[in-house]
Structure formats: structure tokens, C-alpha cells
Amino acid sequence: MTDTFGRKHTYLRISLTERCNLRCTYCMPADGISLSPKEHLMTADEIFVIASEFVRLGVTKIRLTGGEPLVRKDFPIILEKLASLPVEISITTNGVLVKRFLPLLKKHGIKVITISLDSLEKEKFHKITRRDEYEKVWKTIQLLISEGIKVKLNIVLIKGFNDNEIIDFINLTKSQNLIIRFIEFMPFDGNQWNKDKLVCHQEIIDQVHYTFPLQLKRLKDAPNDTARNYAIKGYKGSFAIISSVTNPFCDTCNRIRLTADGKLKNCLFSQDEVSLLQPLRTNQSILPMVEKAMKNKFATRGGMDTSEKLENPELHSQNRSMITIGG
Ligand code: SAM
Ligand code: SF4
């Protein structure tokens with residue numbers, strides 16, 4: 001799966017559901033989304049067939065996401081099936097249901113869990129997620145660490161809301177082997193994005209330099225990593241900055257995305273999508289659709305290659321809301 005820019009696609013992100021037990025303001029429009037009818041969504045078997053085909057085509061890593069992947073009732077069956085494939089499996093979750101599924105996740109060899117947590121303050125957590133689950137998520141993070149699971153924390157930074165917590169998050173890495181990942185707020189349909197809410201890479205680095213002069217260490221990034229990685233000298237954990245808006249990482253992109261309704265998106269920002277579920281259900285090969293997606297992939301952010309295009313609400317509102325893409 002090589003696109004016209006020579007990028008090889010080895011990383012598939014599968015959204016298992018459009019549903020979620022939280023309502024994050026940056027992800028889900030205030031008036032909710034209209035959910036796809038159940039019969040339009042991939043079944044566990046269909047997910048397995050499509051994923052198997054992608055593994056045959058060269059995918060070596062699958063991430064399960066959503067909506068909230070753990071609200072899907074047949075999650076154990078899906079995980080069981082996918083774990084039989086020769087791929088690394090990972091998961092991004094809001095953490096609310098992780099404790100219940102921990103034995104299952106461990107059984108299938110999941111050693112790293114990415115959890116979204118945008119604030120270390122209970123009230124702010126409630127404000128952003130519109131739900132009161134802070135304590136449960138925080139206790140789960142501590143449980144995972146004590147069980148030897150590596151935890152990555154995803155934090156969407158929003159100016160004036162949680163950018164005053166950057167150092168608090170980094171301080172967590174002093175004694176805990178956590179990876180803190182600051183993500184720039186990205187525009188999607190209905191999420192009230194505007195560029196004044198962005199906290200960019202340089203602002204984060206400036207704050208860190210101010211608090212830890214001479215202690216900031218730049219770490220080596222893994223190949224195809226979307227994050228720039230750093231640590232504070234002497235601290236156990238590390239932190240990273242994912243700047244998809246101000247400094248996109250498109251030239252090394254190896255990702256494709258499968259939505260819960262079986263559409264292949266060649267880029268998080270692309271408006272284009274091709275259905276794989278439809279050919280699958282009519283006994284046709286999905287290959288021509290995969291080839292089409294590869295051929296149509298833009299060099300940068302689904303064709304939004306300038307900040308003017310990215311800031312144009314008419315363009316980003318043509319994309320799905322994040323909750324139906326899968327992060
Ligand atoms: N429910 C799971 C969770 O919250 O981790 C998985 C799905 S969520 C859509 C995946 C990731 O996308 C989360 O880390 C979330 O913070 C991130 N995300 C959602 N909307 C975003 C936005 N507008 N800008 C940047 N990141 C966003
Ligand atoms: Fe749900 Fe995750 Fe979106 Fe929050 S970011 S609404 S937890 S899918």
C-alpha cells in the first residue's frame with residue numbers, strides 16, 4: 001500500500017463505534033451526532049475480514065479506537081479475533097471502562113494503553129467531557145501503572161482552558177514512567193475550533209524552558225512517529241508534542257483509517273472516503289477501493305496544505321466530526 005508520494009502504509013486505525021460514554025466538546029458536536037443504523041456498521045466478523053486483508057497488504061500495527069472502543073458490546077470477540085493476526089494491537093480509550101477489560105487486554109498482550117485525560121482537575125474534566133468520571137479514570141491510570149502497563153496520556157490543549165496545566169502534566173513524569181502527549185486542537189465538523197484556541201509546539205517548549213531551564217532533553221523519535229519527543233533530565237517518564245496543525249508530519253505518514261461504518265479514510269483530514277463494507281457485503285474484492293484510496297491521498301492534511309485552508313470552516317466542516325473518525 002504505497003501512495004503516489006512513496007509513503008508505505010503499515011498502520012491501520014479501526015474505529016469500532018461512533019458511540020461514547022463521554023461527550024468531549026472538541027470531539028462531539030454539542031447537539032450530538034446522528035448515529036449510523038446498526039446494520040450499516042461493521043460486524044466483528046467483517047472487521048476481522050477487512051483487517052486480515054490489510055495485514056496481507058502489509059499492515060503491521062492496528063489501533064482500536066472510536067468513539068469509545070470499550071463501549072462496543074462485542075469488544076472481547078473483536079479483540080480475540082484481531083489478536084490472532086500477526087500484528088501489534090494497541091488501543092486508545094477514555095479509560096472509563098478499562099478496569100473491567102484489563103484481564104482481557106493483558107491476555108491479548110496489550111502492554112501499552114493510550115488514555116485521554118485533558119485535565120488533572122475534576123471540575124475541568126467534567127467541563128470538557130460533560131461527564132463526572134475523573135476519579136475513575138485517574139484511579140485506572142494508577143492501577144495500570146502498578147500492573148506494569150505502559151500508559152500514554154493524550155491531552156488536547158485548548159488555550160485558556162488547560163494550557164496552565166502543561167507543567168503539572170510534565171511533573172507526573174518525575175516519578176512515574178508515563179508518556180504525556182500534548183495534542184494540538186484540530187478542526188472538525190461542529191467542534192467550535194478556531195486558531196486562537198491553539199496552543200502550539202513553541203508555546204509548550206517556552207513554558208518548559210521557563211520552568212526547567214537547561215533540563216529539557218530532546219529524545220529520538222520513532223520512525224513514522226507523529227510526535228516530537230522530549231524528557232526532563234532525571235525524570236522517569238517523557239512527554240511529546242503532536243502538532244498536526246502548526247507542523248504536520250504528513251511526509252512520513254503511514255496511517256490509514258477505517259471508520260465504524262466500514263469506510264476507508266486515507267487521511268484524518270480527508271473529505272474523501274471509500275466504502276470497503278459495501279464491496280465486502282456484495283462478495284467483491286476490496287482491493288480496487290484500497291488502491292483508489294492510495295491513489296487519491298494528498299501530500300498534506302487531505303489537501304488542506306495551507307493554514308488558510310485549514311482555518312476555512314467550509315473546508316473542515318465537510319469532514320466528519322472526530323467522534324466518527326476515530327482520532
Ligand atoms: N474515546 C477514545 C479516547 O477519547 O481516547 C478514543 C477516540 S478519540 C476520538 C481519540 C483521540 O482523539 C483522543 O485522544 C482525543 O483526545 C483525540 N481528539 C478528539 N478530538 C480532537 C480534536 N478536535 N483535536 C485533537 N485531538 C482530538
Ligand atoms: Fe468520546 Fe474519546 Fe471523543 Fe471524548 S475524545 S467524546 S472520550 S470519543
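Remember, it's 1-based here, ligands and their atoms both numbered in the order they're listed. Numbering of residues begins at 1 and proceeds along the displayed sequence. Not measured: the values here are computed from a predicted model.
In this structure a side-chain-to-backbone donor-acceptor pair under 3.5 Å is present from R72 to L16. Using a distance-only test at 3.5 Å, with no hydrogens or angles considered, a donor-acceptor pair links the side chain of R23 to the main chain of C20.
Of the listed options C20, C24, S116, S116 places a heavy atom closest to atom 14 (O) of ligand 1.
Taking the side chain to side chain donor-acceptor pair (under 3.5 Å) definition, one finds that E88 meets it with nothing, sequence neighbours left out. Q207 meets the side chain to side chain donor-acceptor pair (under 3.5 Å) test with no other residue; sequence neighbours excluded.
No hydrogens or angles considered: a donor-acceptor pair under 3.5 Å links the side chains of T259 and D261.
The T93 neighbourhood of ligand 1 comprises atoms 2 (C), 3 (C), 5 (O), with distances under 4.0 Å to a heavy atom of that residue. Of all the atoms in ligand 1, the ones that sit under 4.0 Å from a non-hydrogen atom of N154 are 14 (O). Atoms of ligand 1 lying under 4.0 Å from at least one heavy atom of N94, given by number and element, are 2 (C), 3 (C), 5 (O). Taking every heavy atom of G66 and a limit of under 4.0 angstrom, the matching atoms of ligand 1 come to 7 (C), 9 (C). Within ligand 1, counting atoms from 1 as listed, the ones closer than 4.0 Å to a heavy atom of F185 are 23 (N), 24 (N). Ligand 1 places these atoms under 4.0 Å from at least one heavy atom of I183: 25 (C), 26 (N). The contact set between ligand 1 and E184, taken as ligand atoms under 4.0 Å from a residue heavy atom, comprises 24 (N), 25 (C). Listed by number with element, the atoms of ligand 1 under 4.0 Å from a non-hydrogen atom of T65 are 6 (C), 7 (C).
Within the protein, the N, O or S atoms sitting under 2.8 Å from atom 3 (Fe) of ligand 2 are C27 SG.
Looking at ligand 1, you'll find an N or O of Y26 within less than 3.5 Å of one of its N or O atoms. Considering backbone and side-chain N/O atoms, T114 never comes within less than 3.5 Å of an N/O atom of ligand 1. Considering both main-chain and side-chain atoms, D118 never comes within under 3.5 Å of ligand 1 through any nitrogen or oxygen pair. Between M186 and ligand 1, an N or O atom pair is found at a separation short of 3.5 Å.
A salt bridge is absent between K159 and D163: the closest approach of a Lys/Arg side-chain nitrogen to an acidic carboxylate oxygen does not fall below 4.0 angstrom. Between R257 and E273 there is no salt bridge, since none of the side-chain N atoms of the basic residue sits less than 4.0 Å from a carboxylate O of the acidic one. Salt bridge status for K122 with D132: present, with a side-chain N to carboxylate O gap under 4.0 Å.
Figure legend: K81 and F48 shown as a cation-pi pair, the cationic atom lying under 6.0 angstrom from the six-membered ring centre and within 45 degrees of its axis.
Residue contacts with ligand 1 include G67, since one or more of its heavy atoms lies under 4.0 Å from the ligand.
Contacts between V156 and ligand 1, counted as non-hydrogen atom pairs separated by less than 4.0 Å, involve the side chain only.
The environment of NZ in K124 is crowded: more than 12 heavy-atom neighbours from other residues, nucleotides or ligands sit within 6.0 Å. Shown here is Q142, whose CD atom has more than 12 heavy atoms of other residues, nucleotides or ligands within 6.0 Å.
Residue pairs satisfying the side chain to side chain donor-acceptor pair (under 3.5 Å) criterion with at least one member in residues 54-63, sequence neighbours excluded, are listed as follows: Y11-R63, E53-R56, R63-S90, R63-T92, R63-T114.
In this pair, H201 and Y230 present their aromatic rings tilted. The plane angle is within the 30 to 60° band.
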